[in-house]
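This report refers to the structure that appears directly beneath it.
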2 protein chains.
Amino acid sequence: MILSRTSQYAIQALIYIATQPRGEPVLNREIAAHLGVPSAYLAKIMQNLCKGNLLYSFRGRLGGFCLREEVEKTDLMQVLALTEGKGFTDDCVLGLKVCSDETACPMHSRWKPIKEKVVHMLHEQTLEKLAVAVQSGKYRITDLPHAAFDA
Amino acid sequence: MILSRTSQYAIQALIYIATQPRGEPVLNREIAAHLGVPSAYLAKIMQNLCKGNLLYSFRGRLGGFCLREEVEKTDLMQVLALTEGKGFTDDCVLGLKVCSDETACPMHSRWKPIKEKVVHMLHEQTLEKLAVAVQSGKYRITDLPHAAFDA
DNA sequence: GGAGAGTATCATGGCCGTATCATTATGACG
DNA sequence: CGTCATAATGATACGGCCATGATACTCTCC
């Protein structure tokens, strides 16, 4: 029902980069600070996204990360294929090794259409759409600053 | 996207008990053997289901586990509330602490209806329905015996 | 009281999220 | 041209949680 923290960070980071001016490398440190996530761990995730051909990386001064493909071309399905593993939507709800239309667990027929909806949604959500949504100010990618409630 | 192994075992075990004659306690050992899962670990899960009022347990000779409520009354949502934690469907996809209709992550509006479909499905699937499906022989609750492919 | 069953406690191994530190590459500047 | 700051990259280590295993305890029936 839930994504790994790795996937969450990856998505957040990519959206953040997509909201920044194209072509200017974004620092890992800056992303981590903005999202409020541990920068060392984020660095490893970024590396993974580089190997998965979603990002360019540049070292040294003026270095950082840039999106590789045009933002309209990258959708969440591609991201999650990297962070969760390629066939992460194929698993049986009950954990059966084989659970296909021919021989299935008793939930298969109900679960399948929902899974398809999820996959469709993940394909539909491109970095561009998400970045625009964030830039509009109506949606957030980071936690709210928790005001002083403890007084 | 996936349930914990604990949840998978719990569901499988409950369905198995539901396929057995009512009133006769079922042995943990028997369930574990039939499902092919480690019996010590399953025992702990069963305990949890007892504490959560889904099972009766009886010790000593002729002991074992019986379903507590009538099978039509127990649905998967109740089971998962115990094994995954009560509000396991409330979490934000991106892991935001607060993600409601008022202030949300950019995926919230797309994710919410899917989540509702999942919750509805989990409420609909009662142990009775699942047990009947298994008893019909059309659906499985255990892995296929892998024939000798390695020769 | 002994065998059979669940119950409770502790110990192990793996993976994930995290933290720390050394290494390498690159642009800037004197 | 050399070296220095900067940034990504890589290696290593640690704690927590999950799945598992092992062992001792407790209850109940015969």
Side-chain angles (χ1 to χ4, degrees), chain A residues 1-13 17 20 23-68 80 82-85 88 91 94-95 143, chain B residues 1-14 17 20 24-33 35-68 80 82-85 88 91 94-95:
Chain A
M1 194 71 186
I2 214 60
L3 296 176
S4 68
R5 202 138 254 147
T6 299
S7 296
Q8 297 175 344
Y9 289 171
I11 295 176
Q12 291 177 236
I17 299 179
Q20 298 305 107
E24 292 180 20
V26 187
L27 294 185
N28 176 70
R29 191 193 330 131
E30 178 189 337
I31 304 173
H34 184 262
L35 301 179
V37 310
S39 69
Y41 186 44
L42 182 62
K44 258 182 265 192
I45 300 173
M46 303 297 279
Q47 248 173 268
N48 232 338
L49 299 178
C50 287
K51 286 180 190 158
N53 296 327
L54 293 185
L55 288 178
Y56 285 118
S57 69
F58 304 97
R59 305 214 246 194
R61 283 186 117 246
L62 305 186
F65 297 93
C66 289
L67 296 178
R68 182 141 170 176
L80 295 182
L82 289 178
T83 54
E84 299 280 324
F88 78 103
D91 304 311
L94 290 190
D143 271 322
Chain B
M1 196 69 188
I2 215 60
L3 297 175
S4 69
R5 204 139 253 143
T6 299
S7 296
Q8 296 175 344
Y9 290 171
I11 296 175
Q12 291 177 237
L14 287 171
I17 299 178
Q20 298 306 108
E24 293 180 19
V26 187
L27 295 186
N28 176 70
R29 192 194 329 132
E30 177 189 337
I31 304 173
L35 301 179
V37 309
S39 68
Y41 186 45
L42 182 62
K44 259 180 261 190
I45 299 174
M46 302 298 280
Q47 248 173 268
N48 232 338
L49 299 178
C50 287
K51 285 179 190 157
N53 295 328
L54 293 186
L55 287 178
Y56 285 118
S57 69
F58 304 98
R59 305 212 246 195
R61 286 185 113 246
L62 305 185
F65 295 93
C66 290
L67 296 178
R68 182 141 171 174
L80 296 182
L82 289 178
T83 55
E84 299 279 324
F88 79 103
D91 304 309
L94 290 189

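By convention in this document, chain letters (A, B, ...) are assigned in the order of the sequence lines, proteins followed by strands, and residues within each chain are numbered from 1.
Atom CG of B:L14 sits about 5.5 Å away from atom CD1 of B:I17, to the nearest 0.5 Å. From A:L94, atom CG reaches atom CG of B:L35 across 10.0 Å, with rounding to the nearest 0.5 Å. A distance of 10.0 Å separates CD in A:E24 from CG in A:L62, rounded to the nearest 0.5 Å.
A:R5 has its CZ atom 12 Å from the P atom of D:dC17, to the nearest Å. The CG atom of B:N48 sits 13 Å away from the C1' atom of D:dC18 (whole-angstrom rounding). The separation between B:R61 atom CZ and D:dT28 atom C1' is 10 Å, rounded to whole Å.
Residue-to-nucleotide proximity on DNA chain D shows that, of A:K51 and A:G63, the 5′-proximal contact is made by A:G63. Mapping A:L62 and A:T6 onto DNA chain C by nearest heavy atom places A:T6 at the nucleotide closer to the 5' end.
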Just the atom pairs and distances: protein N or O near nucleotides 24-27 of chain D's N or O, under 3.5 Å.
{"from": "D:dC27", "atom 1": "O4'", "to": "B:R59", "atom 2": "NH2", "distance (Å)": "3.4"}

Could you write out each protein N or O paired with an N or O of nucleotides 13-16 of chain D at a distance under 3.5 Å?
none

Contacts under 3.5 Å, N or O only, protein and nucleotides 2-4 of chain D:
none

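Under the side chain to side chain contact (heavy atoms under 4.5 Å, CB included) criterion, B:L82 pairs with B:L49, B:L54, not counting sequence neighbours. Legend: residues meeting salt bridge (charged side-chain N to carboxylate O under 4.0 Å, His left out) with B:D91, ordered by chain and number and at least two apart, are absent. A search for side chain to side chain contact (heavy atoms under 4.5 Å, CB included) contacts involving B:F58 returns B:P25, B:Y56, B:C66, not counting sequence neighbours. The side chain to side chain contact (heavy atoms under 4.5 Å, CB included) test applied to B:N53 returns B:R68, not counting sequence neighbours. Partners of A:R5 by side chain to side chain contact (heavy atoms under 4.5 Å, CB included), not counting sequence neighbours, listed by chain and number: A:Q8, A:Y9. Scored by the side chain to side chain donor-acceptor pair (under 3.5 Å) test, A:E84 finds A:S4, A:S7 as partners (sequence neighbours excluded).
Counting non-hydrogen atoms under 4.0 angstrom, A:Y9 reaches the backbone sugars and phosphates but no base.
Across all their heavy atoms, A:I45 and A:A10 have their closest contact at CG2-CB, 3.8 Å. The two residues A:L42 and A:A13 make their nearest non-hydrogen contact at CD1-CB, 4.1 Å.
Here side-chain hydrogen bond (donor to acceptor under 3.5 Å, both in side chains) pairs that include residues 25-45 of chain A, with residues two or more places apart or in two chains, are A:T6-A:Y41, A:Y16-A:E30.
Side chains of A:I11 and A:L80 form a contact here, defined as non-hydrogen atoms less than 4.5 Å apart.
With a heavy-atom cut-off of 4.0 Å to chain B, the contacted part of DNA chain C has its first and last nucleotide at C:dG4 to C:dC10.
Looking at residues 26-43 of chain A, you'll see A:P38, A:A40, A:Y41 sit with a heavy atom under 4.0 Å from some atom of DNA chain C.
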